[in-house]
Amino acid sequence: MKKRIIIGISGASGIPVAVEILKMLESCREYESHLVISESGKVTIGYEGGVSIEQVEAMADYVYENRDIGSAIASGTFRSEGMIIVPCSMKTVAGIAGGYSDSLLLRGADVMLKE
């Protein structure tokens with residue numbers, strides 16, 4: 001079984017870093033990537049990504065809708081090596097720190113901390 005890494009993209013500057021991480025994971029056969037992008041992250045990709053949302057999503061093995069709080073990555077039974085949130089907006093940092101899990105990205109981070 002491949003090792004799982006969850007990638008979260010939120011609406012802060014730094015989309016090229018997320019793209020590079022996805023490219024690295026894409027070339028590493030022992031890992032599979034699970035991607036969730038916030039709505040603000042999608043807007044930011046449009047501004048600074050140099051790539052489309054569809055191109056970013058195509059780099060991941062699995063893509064989840066941020067509104068789908070019932071997705072696999074929202075459960076402690078979903079085993080992974082961890083989660084990388086890049087770029088990570090201050091709103092996302094505050095949500096994680098405050099336990100305010102109103103989206104899949106935040107719920108996934110909450111589960112990672114719990115596990």
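The chain is numbered in sequence order, starting from 1. Note that the coordinates shown come from a computational prediction; the quantities given were computed from them, not determined experimentally.
Seen from the ring of Tyr31, Arg4 does not count as a face-on cation partner, given the 6.0 Å and 45° thresholds.
Counted by atom type alone, Ser13 and Glu48 present one or more donor-acceptor pairs between their side chains at under 3.5 Å.
Phe78 and Ile69 fall into different hydrophobic clusters, where Ile, Leu, Val, Met, Phe, Trp and Tyr residues are linked whenever their side-chain heavy atoms come under 4.5 Å apart, directly or through other members. Linking ILVMFWY residues whenever their side-chain heavy atoms come closer than 4.5 Å, directly or via other members, leaves Ile84 and Ile73 in distinct clusters. Note on Leu105: it clusters hydrophobically with Ile6, by side-chain heavy-atom contacts below 4.5 Å among ILVMFWY residues. Both Leu106 and Tyr64 sit in one connected hydrophobic cluster of ILVMFWY residues. Membership requires side-chain heavy atoms under 4.5 Å apart, directly or through other members. Ile85 and Ile5 fall into different hydrophobic clusters, defined by Ile, Leu, Val, Met, Phe, Trp and Tyr side-chain heavy atoms under 4.5 Å apart, directly or through other members.
Lys91 has no carboxylate O lying under 4.0 Å from a charged side-chain N of Glu39, or vice versa, which leaves the two without a salt bridge. Comment: Lys3 engages Glu30 in a salt bridge, judged by a side-chain N to carboxylate O separation of less than 4.0 angstrom.
Cys88 and Ser10 make their closest contact through CA-OG, 3.2 Å (heavy atoms, listed as atom of the first residue, atom of the second, distance).
The distance from atom CG of Asn66 to atom CZ of Arg107, rounded to the nearest 0.5 Å, is 13.5 Å.
The stretch residues 95-115 participates, sequence neighbours left out, in no ring pair (Phe, Tyr, Trp, His ring centres under 6.0 Å) pair at all. Residues in residues 6-28 take part in these salt bridge (charged side-chain N to carboxylate O under 4.0 Å, His left out) pairs, two or more places apart or across chains: Glu20-Lys23.
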* To do: Verify side-chain hydrogen bond (donor to acceptor under 3.5 Å, both in side chains) between Ser40 and Ser38, making sure each step is shown before the conclusion.
  => CA-CA 5 Å; Ser40 297; Ser38 73; 4.8 Å; no

